Enquirer: 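Quick one: this structure, given as structure tokens, is what I'll be asking you about.
Model, not experiment: these values are computed from the prediction. Naming: A, B, ... by sequence-line order, numbering from 1 per chain.
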Protein chains: 2
Amino acid sequence: MVQDKKQAILKGVLKLVNRVGFYHISMKMVAEEAGVAAGTIYLYFKGKEELINELYTMIVSEFNESVLGAYDQDSPIKEVYRAMMSRAVLFYLNNKDYFSFIEQYTYAPFLFKENQEQNFMLLLPLYKMMRAGKKQKMIKNLPDAVLLSMVHGPMNTMLKMHFARKTDLTKATVQNKFYNACWEAIAAHN
Amino acid sequence: MVQDKKQAILKGVLKLVNRVGFYHISMKMVAEEAGVAAGTIYLYFKGKEELINELYTMIVSEFNESVLGAYDQDSPIKEVYRAMMSRAVLFYLNNKDYFSFIEQYTYAPFLFKENQEQNFMLLLPLYKMMRAGKKQKMIKNLPDAVLLSMVHGPMNTMLKMHFARKTDLTKATVQNKFYNACWEAIAAHN
DNA sequence: TTTCAAAAAATGAACGTTCATTCATTTTTA
DNA sequence: TAAAAATGAATGAACGTTCATTTTTTGAAA
């Protein structure tokens, strides 16, 4: 019961992200969206900050769980890469709300020092894959930041463009071209 | 005279972006920073929205001018690419304010439909270079969105990581590795 | 099963704060 | 001295949060 209402409130925030935009979300709107009174939110969260931060943590968990589900120790690293990219893209395509939220949360006034480190938590699955690839000499021996940027950066921009209707990431051909281009940026020559 | 004061107000906004964060910038703070009274701002701008939008336009102009300054019709495309990347990185390294502002403006409540298209204006210099490269068969024949993502995305992430002290983009070695990785993502094989 | 009082949960009006904007007044310029 | 520019206190709207009051749930007694 208690968890149901908490979830309803969290989902309420998400539904508002796209409709009104992150910075216009008020507690009153969240309450309305969740079907509770404004004061009720404060029975489940200390305040707006905690609400937003918990939602962020929830999304990161879901994302990482989904993407790491594609990690198979025994598969060739290129296949692991493909599977992870595919899952990540699918995750956001199916949850535009999540993407918008994450993007805007990064620069929200709620991000305190503790969470600022968490900000790179979304890169953990990628990081794991890269470390393995480097060991196997399948991935270039470049600084981690460069490798991460070469995969995370393009994905972000592609999704942004997709949602702005500048491209169609649901097309398999677009996805494949995109995955291949990223792979060539990080793959060791052989 | 009039332009001086207008510039002072615009610069005031920029100085506040890093100090207090985009969403805590109030008109009163801007006024203080610019050394004028709050009401004075309204003699130069219709309101906060116009102020922020003009600042955005100003930054885009400066950026594009700076990066396109590296465009030389006669140089090999790879050198043009290098020069443009170099200028773009330098531009933001020297103007952290600009970077922070641009990042946060994208999702600010001020972005109206008209400007939402302008949002991709920052990609114009890259776009120009890519078109030329495609014609010369030096750059892969991929959809524009993919190519743009492979250069703009990583740059964004690298800069974000640089400012979060996860890497040091001022190091020439890091820059070179980064430029090369991007190039391999978009370069045609030969 | 029904009753009912105590506890728990939920409500939303009210409060205090913040902020963009206005405009009557003052200061500066021509 | 008239016009232009600048000022900053006042205004009203928006928002997060609180808390006195109401509603719902619980479980023991009848």
Side-chain angles (χ1 to χ4, degrees), chain A residues 1-58 100-101 104-105 107-112 114-115, chain B residues 1-58 100-101 104-105 107-112 114-115:
Chain A
M1 301 302 105
V2 167
Q3 282 311 306
D4 283 359
K5 202 152 276 187
K6 201 168 180 182
Q7 285 300 312
I9 294 167
L10 289 167
K11 292 289 177 194
V13 177
L14 275 179
K15 278 190 275 180
L16 288 166
V17 172
N18 281 307
R19 179 135 30 95
V20 307
F22 196 98
Y23 294 98
H24 287 137
I25 295 176
S26 72
M27 295 302 262
K28 199 173 206 167
M29 291 165 93
V30 173
E32 205 167 311
E33 197 69 33
V36 300
T40 306
I41 299 176
Y42 292 84
L43 300 177
Y44 296 90
F45 303 93
K46 241 192 280 176
K48 192 175 187 182
E49 186 178 320
E50 189 179 285
L51 168 58
I52 299 296
N53 282 335
E54 271 198 37
L55 183 52
Y56 179 76
T57 306
M58 191 192 92
S100 302
F101 180 87
Q104 296 179 62
Y105 175 81
Y107 280 102
F110 305 107
L111 239 186
F112 287 164
E114 327 134 36
N115 286 43
Chain B
M1 300 302 107
V2 166
Q3 281 313 306
D4 283 0
K5 202 153 276 186
K6 201 169 180 182
Q7 285 300 313
I9 293 167
L10 289 167
K11 293 288 178 197
V13 177
L14 275 178
K15 277 191 275 180
L16 287 166
V17 171
N18 281 308
R19 179 135 32 94
V20 308
F22 195 98
Y23 294 96
H24 286 136
I25 295 176
S26 73
M27 295 302 262
K28 197 171 205 166
M29 290 166 96
V30 173
E32 205 167 312
E33 197 69 32
V36 300
T40 306
I41 299 177
Y42 293 83
L43 300 177
Y44 296 91
F45 303 93
K46 240 192 282 176
K48 192 175 187 181
E49 187 178 318
E50 189 178 286
L51 168 58
I52 299 294
N53 282 335
E54 271 198 38
L55 184 51
Y56 178 76
T57 305
M58 190 192 94
S100 301
F101 180 88
Q104 296 179 63
Y105 174 82
Y107 280 102
F110 305 107
L111 236 188
F112 288 166
E114 328 134 38
N115 287 43

Enquirer: Side chain of B:Val36 only, please: which of C:dA20, D:dG16, D:dT7 is the nearest?
Expert: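 So the side chain of B:Val36 is nearest to D:dT7.
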Enquirer: Kindly state whether the ring of B:Phe22 and the ring of A:Tyr107 have centres lying under 6.0 angstrom apart.
Expert: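 When the ring centroids of B:Phe22 and A:Tyr107 are compared, they turn out to be at least 6.0 Å apart.
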Enquirer: To the nearest Å, give me how far apart CD (B:Glu49) and P (C:dC19) are.
Expert: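 Those two atoms, CD and P, are 19 Å apart.
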Enquirer: Any ion pair linking B:Glu54 and B:Lys6 (charged N to carboxylate O, less than 4.0 Å)?
Expert: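 Salt bridge flag = yes for B:Glu54 with B:Lys6.
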Enquirer: Which of these nucleotides, D:dA5, C:dA10, C:dT22, is closest to any side-chain atom of B:Leu43?
Expert: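 Of D:dA5, C:dA10, C:dT22, D:dA5 is nearest to the side chain of B:Leu43.
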Enquirer: Could you tell me how far apart A:Tyr23 (OH) and C:dT18 (C1') are, to the nearest whole angstrom?
Expert: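 Rounded to the whole Å, the gap is 18 Å.
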Enquirer: Whole angstrom is fine here: how far is it from CD1 in B:Ile9 over to P in D:dT7?
Expert: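 The answer, rounded to whole Å, is 9 Å.
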Enquirer: How close or far is atom P of D:dA14 from atom CD of A:Glu32, stated in whole angstroms?
Expert: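 Nearest whole value for this atom pair: 14 Å.
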Enquirer: Can you identify which nucleotide, out of C:dT21, C:dT11, C:dA10, has its nearest atom closest to the B:Lys48 side chain?
Expert: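 Among the listed nucleotides, the one closest to the side chain of B:Lys48 is C:dT21.
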Enquirer: Within the 4.0 Å heavy-atom criterion, would you say B:Ile41 contacts the bases, only the backbone, or no part of the nucleic acid?
Expert: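 The answer is nothing, as B:Ile41 stays clear of every strand by at least 4.0 Å.
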Enquirer: Run the salt bridge (Lys or Arg N to Asp or Glu O under 4.0 Å) test on B:Arg19 and B:Glu33 for me, step by step, so that the C-alpha distance in whole Å, both residues' side-chain angles and the decisive distance to 0.1 Å come before the verdict.
Expert: CA-CA 11 Å; B:Arg19 179 135 32 94; B:Glu33 197 69 32; 3.0 Å; yes
Enquirer: Between B:Lys46 and C:dT21, does any side-chain N or O lie under 4.0 Å from OP1 or OP2?
Expert: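 Indeed not, no polar side-chain atom of B:Lys46 lies that close.
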Enquirer: Taking atom P of D:dA5 as reference, at what distance in whole Å does atom NZ of B:Lys6 sit?
Expert: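 Answer to the nearest Å: 14 Å.
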Enquirer: Name the nucleic acid region contacted by A:Ile25, choosing base, sugar-phosphate or nothing; use a 4.0 angstrom heavy-atom cut-off, strictly under.
Expert: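 Sugar-phosphate, no base atom in range.
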Enquirer: Using a cut-off of 4.0 Å on non-hydrogen atoms, how would the nucleic acid contact of B:Ser26 be classed: base, sugar-phosphate, or nothing?
Expert: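 Sugar-phosphate: the residue B:Ser26, judged by heavy atoms under 4.0 Å, touches backbone atoms but no base.
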Enquirer: I'd like to know if the side chain of B:Tyr23 and the backbone of B:Gln104 have a donor-acceptor N/O pair within less than 3.5 Å.
Expert: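 It does hold such a pair.
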Enquirer: Taking the side chain of B:Ala37 as its heavy atoms from C-beta onward, which of D:dT18, D:dG8, C:dG12 lies nearest to it?
Expert: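 Of the options given, the side chain of B:Ala37 lies nearest D:dG8.
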Enquirer: Starting at OH of A:Tyr42 and ending at C1' of C:dA9, how long is that distance when rounded to a whole Å?
Expert: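 Whole-Å distance recorded here is 17 Å.
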Enquirer: For D:dT17, take OP1 and OP2 only and decide whether either is under 4.0 Å from a side-chain N or O of A:Lys28.
Expert: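 Looking at the OP1 and OP2 atoms of D:dT17, neither is under 4.0 Å from any side-chain N or O of A:Lys28.
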Enquirer: So does A:Tyr44 get a side-chain nitrogen or oxygen closer than 4.0 Å to the phosphate oxygens (OP1/OP2) of C:dA10?
Expert: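 Yes, within the criterion.
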Enquirer: Just the rounded figure in Å: distance from C1' of D:dG16 to NE2 of A:His24.
Expert: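 Roughly 16 Å, once rounded to whole Å.
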Enquirer: Decide yes or no for A:Leu43 and A:Lys5: does some side-chain heavy atom of the first lie under 4.5 Å from some side-chain heavy atom of the second?
Expert: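 Sidechains of A:Lys5 and A:Leu43: no contact.
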Enquirer: Specify the separation, in whole Å, of atom NZ of B:Lys5 and atom C1' of C:dT29.
Expert: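 For the pair B:Lys5 NZ and C:dT29 C1', the rounded distance is 12 Å.
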